[in-house]
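What follows is a single structure, written as structure tokens, with notes after it.
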Amino acid sequence: MARHLITSAIPYINGIKHLGNLVGSQLPADLYARYLRGRGHEVLFLCATDEHGTPAELAAAKAGKPVDEFCREMYEVQAKIAEGFRLSFDHFGRSSSLQNRHLTQHFASQLAKNGMISEVTEQQMYSVADGRFLPDRYVEGTCPNCGYDNARGDQCDNCTKQLDPADLINPRSVISGSTELEMRETRHLHLRQSQMKEKLADWIDSKKDWPILTTSIAKKWLNDGDGLADRGITRDLAWGVPVQYEGAPWSGMEGKVFYVWFDAPIEYIACSQEWVDAGKGADWERWWRTDKGAEDVTYTQFMGKDNVPFHTLSFPSTIFGSGEPWKLVDYIKSFNYLNYDGGQFSTSRGRGVFQDQALSLLPADYWRWWLLSHAPESSDAEFTWENFQVSVNKDLADVLGNLVSRVTKFCRAKFGEVVPEGGVFGPQEEKLIAELETRIRAYEGFMDAREVRKSAAELRAIWVAGNEYLQSSAPWTVFKTDPVQAAAQTRVALNLIRLYAVLSRPFIPDAAASMMASVQSGDWSWPEDVAAALNVLPAGHGFTTPEVLFRKITDEERVDWQARFAGTRD
RNA sequence: GGCUAGGUAGCUCAGUUGGUUAGAGCACAUGACUCAUAAUCAUGGGGUCGGGGGUUCGAGUCCCCCCCUCGCCA
């Protein structure tokens, strides 16, 4: 039994996420966690909400609520959705937790002691009316290049020119609309990542089995331009972790907070403290401190490609720079983007399917299966309603669901709702066992390698093997001349349902539970030995014929949904 | 403009360190079966592997140039 620490990139708090966010981190992380648990390993699977920063403040203001109250409510919403998708976090934390506040301040102090922090004086746009500094994106004005009057401080949406807030003509605050803006001097802490360049490069070079997507993005940032740049880790905001040194105010940093990207990854660790404080676990350090038992932990992070630089460079700089024996990530699984019907999912324009809407249309398993079997691993992937309908109907309803139906209904009709007795395994059964043996080992190999699509394809092939067996052994024909042999065949088929429940659980946990319930078993043990696994349900064991496991998506529904989600979300 | 990743059957994708007739699923066609959610199983048609050069006995797989898509950075 091995120990696996798994974290999913933590979703931002400002709204409900779309399906792309789900498939890029939380869902594959859940798949992996469920698989490892199924194999009997010890797993700690953590996720949280990322709550700090200006977007949260603005979203709260728009909702007319204090930011902490807004975050608490949105946390509940996201937690509920995560539950809806059956994400099996051991704990779903919050980056605004007290634990994270303390740990973030601790890391900053350690970094400062080790010479990893520098203080830099900068000029930044200040809004007198709002009484605060404005991030580049929150200054708008007329583009000096093309004259577009809604250009943002970082870039003009019209001509795409990169801008500096000071370039804008008639700049105004996005928050209040005030034009009473001025450049003011402000001081910030920078994380001296550049000091870590060699160490990071060596570390990344040593990771030969990481996805190319992960290492290529990391190397690009390491070598781009002047090389890895130092990064500001403080902001002039009210909402965040207050900048402190050793528990006391940090001279010159009064009223400032840490940048959201500094405290967010630290939440991975703090979340395990929350997990303990919530009474769900006893010892978080044995997962995170290599001097306290975490030496044998395998740590895997899941994330979308936009998060890779922070996880390959910034956070490791924090860990290395602390000079303390924190557990470093062993494998970074990154994903490309999921596009929606020829374009991008867009939170701002309400284009595509959002997580709450998805759950209101169909049960979680439908989405889990489609998203995971089409995970954007090697390149961006595309969601279309046609593809979704066809894949789900074919794979889940026809191949798997119908298999369960035909087996249970056939048995009920010929032998009653008990596992039939008599007969022995012959060549057909040996062939089935041999194929399953090969395929299940392949499935394990893909899962161990965190190969999501290939795992899905192999699982599907395992389901197909059941249909092939039934088709070639044809118990409905055998029954007419040799009912005892038909009984043996039917017994094998019923056992396949339990076996498939075990194997399928990481992908489709609810359907797996239904399958297990229908064969009235609770034996979730992994099939190390296939022949033995097909004998778990003995003759005489009762079962119930289940309702349709997966209903089909109709053409009418598809057309309706296509129209509904093309436009704008209210 | 620079950099990354891609461009393989109608669609979605696999293709290990270059090696025999380029694979899978879906879709399509034909056949089998009739236990089952008009489900299943079998067989078959279909690709000059973005384009052009080059290295090699041999390249989807290596090198160079060009075209297109996505993203990041200027």
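Just so we're on the same page: letters track the sequence lines, and every chain starts at 1.
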*Non-hydrogen atoms of A/Ala218 and A/Thr312 that approach each other most closely*: CB-OG1, 3.5 Å
*Only counting residues at least two apart or in another chain, list the ones meeting salt bridge (charged side-chain N to carboxylate O under 4.0 Å, His left out) with A/Arg368.*
A/Asp30
*Nearest to side-chain heavy atoms of A/Arg406, which nucleotide of B/rA42, B/rU40, B/rG71*: B/rU40
_Inter-nucleotide C1' distance (B/rC13, B/rG51), Å rounded_ = 23 Å
_Quick check: do A/Thr318 and A/Leu191 have side-chain heavy atoms less than 4.5 Å from each other?_
yes
*Expressed as a whole number of Å, how far does the C1' atom of B/rG10 sit from that of B/rG46?*
9 Å
*asked:* Please give the distance between the C1' atoms of B/rA14 and B/rA74 as a whole number of Å.
replied: 36 Å
*Integer-rounded Å distance: B/rG71 P and A/Met303 CE*: 21 Å
*Could you check how far CG of A/Leu496 sits from P of B/rA36, rounded to whole Å?*
18 Å
*asked:* With a 3.5 Å cut-off and heavy atoms only, can you find an N or O donor on one side and an acceptor on the other between the side chain of A/Asp398 and the base of B/rA39?
replied: no
*asked:* I need a per-nucleotide contact map over nucleotides 59-64 of chain B, read 5' to 3'. Cutoff is protein heavy atoms under 4.0 Å; write B for the base, S for backbone only, - otherwise.
replied: ------
*Classify the nucleic acid contact of A/Val407 as base, sugar-phosphate or nothing, counting any heavy atom under 4.0 Å across all strands shown.*
nothing
*Verify whether one side chain among A/Gln193 and A/Ser314 offers a donor that lies under 3.5 Å from an acceptor in the other.*
yes
Polar atom pairs between nucleotides 29-33 of chain B and protein, under 3.5 Å, N or O only, would you list them?
{"from": "B/rC33", "atom 1": "O2'", "to": "A/Trp476", "atom 2": "NE1", "distance (Å)": "3.2"}

*How many Å lie between CD1 on A/Ile553 and C1' on B/rU37, as a whole number?*
14 Å
*Please give, in whole Å, the distance from B/rA36 P to A/Lys409 NZ?*
8 Å
*Can A/Arg491 and A/Asn535 be counted as having a side-chain donor-acceptor contact under 3.5 angstrom?*
no
_Applying salt bridge (charged side-chain N to carboxylate O under 4.0 Å, His left out), can you list everything that pairs with A/Arg558, at least two apart in sequence or on another chain?_
A/Asp555
*asked:* Can you measure A/Leu494 atom CG to B/rC35 atom P for me and round it to whole angstrom units?
replied: 17 Å
*Identify, with sequence neighbours excluded, every residue that meets salt bridge (charged side-chain N to carboxylate O under 4.0 Å, His left out) alongside A/Arg441.*
A/Glu437, A/Glu444
_Pairwise P distance for B/rA59 and B/rA22, with rounding to whole Å_ = 13 Å
*Check the angle between the aromatic planes of A/Phe388 and A/Trp367 and answer parallel, tilted or perpendicular using the 30° and 60° thresholds.*
parallel
*Could you verify whether a donor N or O on one side chain and an acceptor N or O on the other, from A/Glu429 and A/Tyr469, lie under 3.5 Å apart?*
yes
*So what does A/Ser216 hit on the nucleic acid, given a heavy-atom distance under 4.0 Å: a base, only sugar-phosphate, or nothing?*
sugar-phosphate
*Reading RNA chain B 5' to 3', what string of ( ), [ ], | and . shows its pairs, if Watson-Crick and G-U wobble pairs count only when both distances fall under 3.5 Å?*
(((.(((..((((.....[...)))).(((((.......))))).....(((((..]....)))))))).))).
_Do A/Lys552 and A/Asn393 pair up side chain to side chain, a donor and an acceptor below 3.5 Å, judged on atom types alone?_
no
*Go through the structure and list residues passing salt bridge (charged side-chain N to carboxylate O under 4.0 Å, His left out) with A/Asp448, not counting sequence neighbours.*
none
*Rounding to the closest angstrom, what is the interatomic distance between B/rU37 and B/rA9 at atom P?*
37 Å
_Any residue meeting side chain to side chain donor-acceptor pair (under 3.5 Å) with A/Arg192, in chain and number order, not counting sequence neighbours_ = none
*Would you check if the distance from the ring center of A/Phe383 to the ring center of A/Trp370 is below 6.0 Å?*
yes
*Return the set of residues passing side chain to side chain donor-acceptor pair (under 3.5 Å) with A/Gln301 (not counting sequence neighbours), or none when no residue passes.*
A/Tyr299
*Remember a base hit wins even if backbone is also touched, and classify A/Leu213 as base, sugar-phosphate or nothing at under 4.0 Å, heavy atoms.*
nothing
Output one line per pair: protein atom, nucleotide atom from nucleotides 8-14 of chain B, and distance, for all N/O pairs under 3.5 Å.
{"from": "B/rU12", "atom 1": "O2'", "to": "A/Arg453", "atom 2": "NH2", "distance (Å)": "3.4"}
{"from": "B/rA14", "atom 1": "OP1", "to": "A/Ser378", "atom 2": "OG", "distance (Å)": "2.1"}

*For A/Thr490, enumerate each residue passing the side chain to side chain donor-acceptor pair (under 3.5 Å) test, keeping only those at least two apart in sequence or located in another chain.*
none
*Do you know the tightest heavy-atom contact between A/Met516 and A/Ala501?*
N-CB, 4.1 Å
*OP1 or OP2 of B/rC70 sitting under 4.0 Å from any side-chain N/O of A/Lys305?*
no
_Nearest-Å distance for atom pair CG/P, residues A/Asp365 and B/rU37_ = 20 Å
*Under 4.0 angstrom, heavy atoms only, what part of the nucleic acid is A/Phe479 near: base, sugar-phosphate, or nothing?*
nothing
Any protein N or O atoms within reach of nucleotides 22-28 of chain B? Criterion: under 3.5 Å, listing atom names and distances.
{"from": "B/rG25", "atom 1": "O3'", "to": "A/Arg460", "atom 2": "NH2", "distance (Å)": "3.4"}

*Could you check how far OH of A/Tyr366 sits from C1' of B/rU37, rounded to whole Å?*
10 Å
_If I pick the C1' atom on B/rU48 and the same atom on B/rU21, what distance separates them, to the nearest angstrom?_
15 Å
*Atom CZ of A/Phe335 to atom P of B/rC72: distance rounded to whole Å?*
19 Å
*Please determine, by modelled atom types, if A/Trp463 and A/Ser504 share a side-chain donor-acceptor pair under 3.5 angstrom.*
yes
*Taking atom C1' in both B/rA27 and B/rC63, compute the distance separating them and give it to the nearest angstrom.*
39 Å
*Taking the P atom of each, how far is B/rU55 from B/rC28, in whole Å?*
47 Å
*Taking for each residue the nucleotide of RNA chain B with the nearest heavy atom, is it A/Asn336 or A/Leu400 whose nucleotide lies nearer the 5' end?*
A/Asn336
_Check: A/Tyr331 ring centre within less than 6.0 Å of A/Tyr32 ring centre_ = no
